[in-house]
Amino acid sequence: DAGVIQSPRHEVTEMGQEVTLRCKPISGHDYLFWYRQTMMRGLELLIYFNNNVPIDDSGMPEDRFSAKMPNASFSTLKIQPSEPRDSAVYFCASSLDKTGAPEAFFGQGTRLTVV
Amino acid sequence: ILNVEQSPQSLHVQEGDSTNFTCSFPSSNFYALHWYRWETAKSPEALFVMTLNGDEKKKGRISATLNTKEGYSYLYIKGSQPEDSATYLCASSGSARQLTFGSGTQLTVLP
């Protein structure tokens with residue numbers, strides 16, 4: 001398996017524009033997590049899904065952020081409208097809770113810059 | 001959301017020295033404890049996952065222990081090498097399975 005695939009790797013956009021980040025989890029994994037990494041807060045959990053269903057979105061900063069998982073192989077994180085303070089690296093991770101000791105695998109991240 | 005704390009925040013050691021870091025986590029509703037190694041410009045790489053009190057895992061010169069009753073885990077690196085330089089992240093998951101990360105320990109091994 002190619003691992004967790006995120007796109008784009010880098011995104012530069014103007015304030016007010018809509019941004020969509022994409023994630024393809026490892027095939028067969030039943031959990032998908034979206035994290036945001038900033039210098040101030042480290043790795044923050046934004047939202048996670050189990051079997052395509054959002055379980056906890058309490059980490060989503062505000063209504064400008066939304067996430068979907070229409071099927072087991074694809075998820076999006078959307079920011080509309082984007083603001084400069086949204087600039088960060090966004091990571092997607094997936095795991096399989098089969099053995100009782102789920103190991104989460106991370107994608108390479110999307111570095112978002114909002115100017 | 002679980003509160004995971006790591007110490008020290010950063011650490012400089014000489015090549016060949018052994019070192020260790022601490023991760024503390026709430027022991028209630030505990031499911032699993034994860035250690036990750038994170039190099040700059042890369043994604044976090046899983047080192048260990050532990051679930052049982054007293055678990056010990058080892059991978060080469062790196063090992064980890066787990067105490068679920070008191071809520072802590074140690075990561076040990078024996079004979080540190082410059083390539084060990086990275087941020088070491090600890091994460092705890094509860095019954096809801098989401099990973100909550102600590103802020104990490106940034107290790108620099110000086111040649």
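Only heavy atoms go into these numbers, but all of them, side chains included; no hydrogens, no water, no symmetry mates. The sequence lines fix the lettering, A, B, ..., with proteins before strands; numbering per chain opens at 1.
Under the 4.5 angstrom side-chain criterion for Ile, Leu, Val, Met, Phe, Trp and Tyr, B:L52 has no cluster partners at all.
In terms of non-hydrogen atom pairs under 4.5 Å with chain A, the most contact-rich of B:G104, B:S43, B:G102 is B:S43. For chain B, the option among A:A104, A:G42, A:G59 with the highest count of heavy-atom pairs below 4.5 Å is A:A104. Taking chain A as the reference chain and counting heavy-atom pairs below 4.5 Å, the highest number among B:S103, B:A46, B:P44 is found for B:P44.
For CD of B:Q106, the number of neighbouring non-hydrogen atoms (other residues, nucleotides, ligands) closer than 6.0 Å is 12 at most. Other residues, nucleotides and ligands place no more than 12 heavy atoms under 6.0 Å from the CD atom of B:Q9. Within a 6.0 Å sphere centred on CZ of A:R64, heavy atoms belonging to other residues, nucleotides or ligands number more than 12. Within 6.0 Å of the NZ atom in A:K68, the count of heavy atoms belonging to other residues, nucleotides or ligands does not exceed 12.
The shortest side-chain heavy-atom distance between B:Y76 and B:T65 falls under the 4.5 Å cut-off. When side chains are defined from C-beta on, B:V109 counts as touching B:S85, because their heavy atoms get closer than 4.5 Å.
Within the 3.5 Å criterion, the main-chain N or O of B:E70 finds a donor-acceptor partner in the side chain of B:N67.
For A:E44, no part sits under 4.5 Å from any heavy atom of chain B, backbone or side chain. For chain A, no part of B:L33 is nearby; none of its heavy atoms comes within less than 4.5 Å.
For the pair B:T51 and B:Y31, the tightest heavy-atom approach, listed with the atom from each and the gap, is CG2-O, 3.5 Å. The shortest non-hydrogen separation linking B:V49 to B:H34 is CG2-ND1, 3.6 Å.
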task: Just do the side-chain contact (heavy atoms from CB on, under 4.5 Å) check on B:C90 and B:F21 with the steps written out, would you?
output: CA-CA 10 Å; B:C90 162; B:F21 330 128; over 6 Å; no

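Residues of residues 71-81 of chain A placed with any heavy atom under 4.5 Å of a heavy atom in chain B are absent; none qualify. Of all residues spanning residues 6-19 of chain A, none has a heavy atom less than 4.5 Å away from chain B's heavy atoms.
Listed by first and then second residue, the ring pair (Phe, Tyr, Trp, His ring centres under 6.0 Å) pairs that reach into residues 36-71 of chain B are A:F91-B:W38, A:F106-B:Y36, B:Y36-B:F101, sequence neighbours excluded.
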